[in-house]
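Just below is one structure, and these are the notes that go with it.
Given the structure is predicted, the values throughout are model-derived calculations rather than measurements.
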Amino acid sequence: MMKSISILIVILASLVSVKSYGFDEMVTFDNPKQEAEYRELIKELRCPKCQNQNIADSNAIVAKDMRAKALLLLQEGKSKQQVVDYMINRYGQFAHYRPPVNIATIMLWAIPVGFILMCIILLWRRSRLSTQVDNATDTAGLNSELDNLLDEVSDLQNAETTRNNP
Amino acid sequence: MIPELGNFALYIAFGFSLLLSILPFIGLRKSNMGLMQTAPNLAVGLFVFTLFAFLCLVFAFVTDDFTVLNVAQNSNSALPVQYKFAASFGSHEGSFLLWLLMQSGWACAVAVWSKSLPTTMRTRVLMVIGWICVGFYAYIITVSNPFDRTLPFFPVDGADLNPLLQDIGMIIHPPLLYMGYVGMSICFSFAIAALLSGDLDSTWAKWSRPWTAVAWGFLTLGITIGSWWAYSELGWGGWWFWDPVENASLMPWLVATALLHSLAVAEKRNAFKSWTVFLAIASFSLSLLGTFLVRSGVIVSVHAFATDPARGVFILVLLAIVIGGSLLLYSLKAGLIKSVGKFSIFSRESSLWLNNVFLVAATIIVLLGTLLPLVHKEIGLGTISIGEPFFNQMFTYLIVPFALLIGIAPHIRWKQDKPNKFVATPLIICLASVALSYLWLVVEFGEVKGLAWLSTSLFWWIILFTAVELVKTTQKVRLTKLPLSHFAMVLGHVGLAFVIAGVGLTSQYSTERDVKMFVGGSESFSGFDFKFVKLQDVKGPNYDGWAAQIDITQQGQEVSTLLAEKRFYPVQRNTMTEAAIDATFFRDIYISLGEQLPDKGWALRLHLKPYVRWFWFGGIVVAFAGALIVADKRYRQQKSSVRVRSSAAAEIV
Amino acid sequence: MKYKLSLFLPLFIFVILVGFLLKGLFSDPRQRDSAVVGKSFPEFQLPDLMNEEKVHSLQTLRGEKVLLNVWGTWCITCKYELPFLTKIKTEYGVKVVGIYYDQNHAPEFGQFANIPQIQVEVKQLLAQLGDPYQFHILDLDRTLSLDLGVTGAPETFLMDSNGVIKAHHMGDVNERVWRDKLAPIWNEMQ
């Protein structure tokens, strides 16, 4: 019983934190560039109170305060990066959805790039080994997909014949 | 009484899964045909009893049986009946029963629709499914039983389903998604069965291709519907957030897409065979990993279920056994696979290899982005967040070569082709795409944004190339004679083109504005005029609220009348924004109603989202491609091309 | 049989991954390190909750180690930690200062906190559950809280006599948190 109550509490707690999507402030901008920067910023900054939401989508008080502060800093002439740094200084690297580059996070870029390069080298070597492709069936006039298609069509007819004459 | 029956049925189903994992095994060992023949019957039995258990749970929900803990926590007597049904899989326990229903359903489908397979192969596949099921059924009856009672002190009424889940999306999205996740277990089982038997020629690829296509189609549809649901229900107009739970569904999809393509090579050209086996294992492994992430609470997500460490450990052990075991088997056996098909660097094989490379690279990106924050924290480097800026950047880089490849690859011959044939046409199409999209953006938006130009150029590149390919092909083969799988390819590629264009256009040209409006007041925004006509009370079955009636006109022409709602659900004391959407194929007007301000005005957020529908439209078209592959007669009539093997007894199981 | 080592790579990666997932299972995913620990306490000029004439600043706080507790009467968890904070004040002589965090104050929408009412509520609540605070800094527009990286209430900071933040705890302070996390730092502090 105790266990189920504690589960219930967890459920309730999680519901409260998901519920509030929305907005309720009216924002005005000095110019379109500022608006664009503001919109980008509030999508890139993470609400530190919420499960996993940016400050644009969250209605938590801290998200509202961060939005207001971001706008204020932009109006003071700060650049987008300065606003991000301002928030990171207070809320930590956690508050920015773009990870910092360090020894661990470099893997985010290194592994995919390394993987692609490795695979292309592999392909190069593999196809070199088999450059002696059998050219007997290579009838030049046919369209690329066509020989394969004819294959498939005959497959299809075979299938039909077998079904009709089991 | 009914919940006890359901519980009992679950235990029986567990028994069936045990038998399914043991009897066929002995049968194969001893070449006992009788024992092998039990596999399909056991699979059907497994499904029947799981279905019965599921119906019992649905019954408990529909009849408001609050003596069942699961019902008491996730339903309420005032909840409309369709949501009571949805609530039966809205919780952790219930959704896992749905998962099992799908799993046993797939097993049953294999039992019924694969009569043309050699008995040993079919037995082995079902046996592998049985092994997976044993773990899952053990999990549900030990730590996640949906029929647990609240007795003797049961509540008068239930705690209600989270209002966010009270939506048509909740009724269709989880079943579709689970069909996809669990469906990956079928190609997985085929691959494991092939590894076990050592019978790794290209026939297993041919057999598992239609199953993979169905599962992939469901997964595509599930993800698409999920995105649409988030968009229409959450009230902030977003449709993809790179949340861990979304990523968990994207990873198996990416791998399954790669698998579908490499299965074609394995089947037709006898190449990439060991790689294909790996992809089949990976697609189901990633489905399981996704389940673990959602259910264990290891990662912070908006959608996570309420979590319990005991369950987390159980699933992790299950994960370690299933994935670890199959990867071990792969490492030991895959060396024996010989891919004999030869090809040169400029060939269809190479281009499909590149397709696989890009898709797997995308999977690696998503996997790293999802799990690195955890690793980063555990090795003591502190908490970081990886989100939209990272994923968007990486996917933008990746989609360019991928889309270029999609256009050109269907024109390249198998084995070997001449690169110099591919100069004139691509050049013309490239210029045409760039010019067409430039014109499009200038005419429609008056301003050309780089990323939008890129995405629409890729859109035209794929569309034009596909059209050229279709025209060339139909000059040689009559349209009606073309195999359906060829149309599947066309649809799949065209669908993706729509997704690319939709994402590019809506992310670059969407506009939004927060306004304060009084009843009777007007605002104009992005060429439309919005008039706040009236505010009316709304009385729903289990909520109260207000609806703001907004009339939209464009240069005096009536466009639409929308009702943007604010709902209050008293049971959970939740306020929900119910966005009002006027959708056409080319743009959405999206209005959400905010708070009432102290001066009696209302805060409203107006969005204009051009081409946002193309994303879901593309997704549905892609999913339809999966259906076409299955409909292809070649896969329904398999006996003709199957070489029946009878040496099973001599082989290791 | 001959084995290809490269085929074991996926298995190897998976085993490492399981290790991390297992470790992750037993740590709280929401626990984060604070960005302000080790930095000096931010400058501020804010009124006293009970007496708006009186202004507090970093200068008035410096010189003595202090526990700063971000709280509000609207915050349910805060009520649970009041008795414990009172206990550590009386038993260990910890100087506790409140930073009053109001969630309704939003002048840009024309919403203003009703300060006399808050004063009444605070007095009632503290009389009922125990009063650990020497005084309360009224952070009405939550600027100090933003500078401190506060995500909500309750949160607790330990500041040494030089004005350097030594600890930042998110969530309530209870017996376990105090014993395992805060007390060791507090006892080391100047």
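Going from atom CG of B/Leu316 over to atom CG of C/Leu25 covers 6.5 Å, rounded to the nearest 0.5 Å. C/Phe8 contributes atom CZ, which lies 6.5 Å from atom CG of B/Leu328 (distance to the nearest 0.5 angstrom). With rounding to the nearest 0.5 angstrom, the CG atom of C/Leu7 is 13.5 Å from the NZ atom of B/Lys333. Atom CG of C/Leu21 and atom CD of B/Glu378 lie 9.5 Å apart (nearest 0.5 Å).
Annotation for B/Trp546: atom CH2 does not count as buried by contact number, only 12 or fewer foreign heavy atoms lying within 6.0 Å. Counting heavy atoms of neighbouring residues, nucleotides and ligands inside a 6.0 Å radius, atom CD of C/Glu188 does not exceed 12 of them. Within 6.0 Å of atom CD1 in C/Ile16, more than 12 heavy atoms from other residues, nucleotides or ligands are found, so the atom counts as buried in its surroundings. Within 6.0 Å of OH on C/Tyr80 lie no more than 12 heavy atoms contributed by other residues, nucleotides or ligands.
Ranked by heavy-atom pairs shorter than 4.5 Å toward chain C, the options B/Gly324, B/Ala282, B/Ser274 are led by B/Gly324.
For a residue to count as touching a neighbouring chain, one of its non-hydrogen atoms must lie under 4.5 Å from one of that chain's; by this rule C/Phe14 touches chain B with the side chain only. Residue contact with chain C, scored on non-hydrogen atoms closer than 4.5 Å, involves the backbone and the side chain of B/Ile323 alike. In this structure, the portion of B/Leu374 lying under 4.5 Å from any heavy atom of chain C is its side chain and not its backbone. At a 4.5 Å heavy-atom cutoff, the contact between B/Leu289 and chain C is made by side-chain atoms alone. Contact annotation for C/Leu22: both backbone and side-chain heavy atoms come within less than 4.5 Å of a heavy atom of chain B.
For the pair C/Val18 and B/Phe292, the minimum side-chain heavy-atom distance is 4.5 Å or more. In this structure the side chain of C/Phe26 reaches within 4.5 angstrom of the side chain of B/Val313, judged on heavy atoms.
With sequence neighbours excluded, the residues that form a side chain to side chain donor-acceptor pair (under 3.5 Å) with B/Ser262 are B/Thr276.
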